[in-house]
Amino acid sequence: MRLFLVPFLLLFLRLGLCLHAGIPRGMVVSQERLASEAGAQVLREGGSAVDAAVATAFALAVVHPAAGNLGGGGFLLSRSASGRSSFIDFREMAPAAAHPRMWLGEDGRYDGARHHGSLASVGVPGTVAGLREAWKREGRLPWARLLKPAIRLARDGFVLSENQAASLAAHLDEFKRHAPTLAQFSREGEALRKGDRLAQPDLAKTLARLAKDWTDFYRGRTARLMVLDMKAHGGLLTATDLRGYRPAIRETLKGSYRGVEILAAPPPSSGGQVLLEALNILEGYDLGGMGASSPAEVHLVAEALRRAFADRAQFLGDPDFNGGIPLSRLLSKDYAAQLRGTIDRERASASAPDRFAWPKDRPDTTHLSVIDRKGRAVSLTYTLEDSYGLKRIVPGAGFLLNNEMGDFNAGPGLTDATGLIGTAPNLAQPRKRPLSSMCPVILVKEGAVFMVSGSPGGRTIPATVLHTLLQVVDFGADAQAAVDAPRVHHQWLPDRIQVESSLPAATKAALQAMGHALKEVKKQGCAQVILVRNGRAEGAADARWPDSGAVAE
Ligand code: GLY
């Protein structure tokens, strides 16, 4: 062939792939059907997957206040129709006043209440800047259009489902500690009920300001309201911290599993490292032949996670402060083969002594998955850390503050058997981002998006995502079956497998006979999955949160 024809041939091939990647209708899946509907409507109006994700995320900040947010942070992974992936890290940053010993009292003792429940635990929020950055790069519709549904839902209110009312009622006592929070999420101090309408007028006004000028959050009236609250009550966050916030554009972490390409979250998330390291180990076994939820399969999944989490504890932190994270070694197939060599297929291994015992899990976060007609996909996970974050509404601004600084380690050398960690990579420092487990993923097969997945759940997140993926790739599940299947989790320490109660009793008994300690939970995570099969998008919302919804364009 004439050499000058080569570029044209490549262009045709690429166009071919783009056409191949197209689907008749896009799809949005999130933890609240109302928010998914907001995103799907944006797709119907010709918006891109990023437009729909931005609209869904703003709507979640209204209808899912436990984790949807303006005052938190997260990660947005996207893939364009031409196959370019991008990763926006809008994780919160520590204020300038942060330092490694900030969670110790004057007596030098660790102060857990300050670490997880004080104004000092508020990181500089990244959500508004992160969503704006995504829109700037890949948005098609006007910015103000994307905030419209959220403004309407906040201003006019929405009717509470049984689940939403129960979640608010469960936190009523905590809301009572802060009058603006109680005023927003109760009826004069009494719990709201199913069927009540929840309007959030201050939040509506804040959203309307952001629709006109997003920088209001960092340098306008919204910023002033945050700083006023901080100054009045001993918080650390300043006007300079807010003005200095920037999302980071990071290189997507890439791996492969049985011929499927996996796009995942790089540090400061550990989600991608844990997921890809575990998958590399599992690739050496015939899981499909063992059967889903069989003792042999669950044993190997737990052993793989145990090893991936041990590496997480040792190496992971904010890459801007930890130059030497050995990701290429940890994620190599050779290293996985070495780790497989340490797994006994009949017996549980023992995790090393409690050098890196884990603190209590703080499970609230939320995930949304989107695909549009052109095959562009977004996988977005964001969080306030705890359910309803610090449970503290910014007076006059109507949104909740995060307590994300709780994701930093307790203090230098403070590693002990009670669950504290004091390793260096994740100690608090000015402008550092705390280590996360959030794990938005996009899977690619034959050049086109094949699956989008993610979940809340603290350190269980990569395990939940791993399960959705194994169900599809190894066991041939459809999207809903992949979401519904029982899940397990292992995080090295404490040395036990967390199992959902739906795991078959015979499997639980066999695992115990192999030497595993089990901890049973009713449910783990809340995955929102899209699978592209036979040229169509299949959306699966997770009924573990009954309001979750998959809405087609
Ligand atoms: N705050 C939960 C996480 O980032 O993993």
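Any value given below was found using the heavy atoms of this structure, including those in side chains, with hydrogens, waters and symmetry copies removed. Since the structure is predicted, the reported quantities are computational estimates derived from the model, not experimental observations. In each ligand, atom 1 is the first atom listed, and ligand 1 is the first ligand listed.
Close contacts of ligand 1 with Ser437, meaning ligand atoms under 4.0 Å from a residue heavy atom, involve 3 (C), 4 (O), 5 (O). Under a 4.0 Å criterion applied to the non-hydrogen atoms of Ser436, ligand 1 contributes the atoms 3 (C), 4 (O), 5 (O). Listed by number with element, the atoms of ligand 1 under 4.0 Å from a non-hydrogen atom of Glu385 are 1 (N), 2 (C). The distance from ligand 1 to the heavy atoms of Asp407 drops below 4.0 Å at these ligand atoms: 1 (N), 2 (C), 3 (C), 4 (O).
Using a 4.0 Å cut-off between a side-chain N of Lys or Arg and a carboxylate O of Asp or Glu, Arg250 and Asp89 qualify as a salt bridge.
Heavy atoms of Arg459 found under 4.0 angstrom from ligand 1: none, in either backbone or side chain.
Side-chain contact of Thr381 with His367: a donor-acceptor pair under 3.5 Å is present, judged by distance alone.
Under a 3.5 Å cut-off, the side chain of Asn280 and the backbone N or O of Glu277 do not form any donor-acceptor pair. Between the Thr56 side chain and the Ala52 main chain, a donor and an acceptor come within less than 3.5 Å of each other.
Residues His178 and Phe185 place their aromatic rings such that the two centres sit no closer than 6.0 Å.
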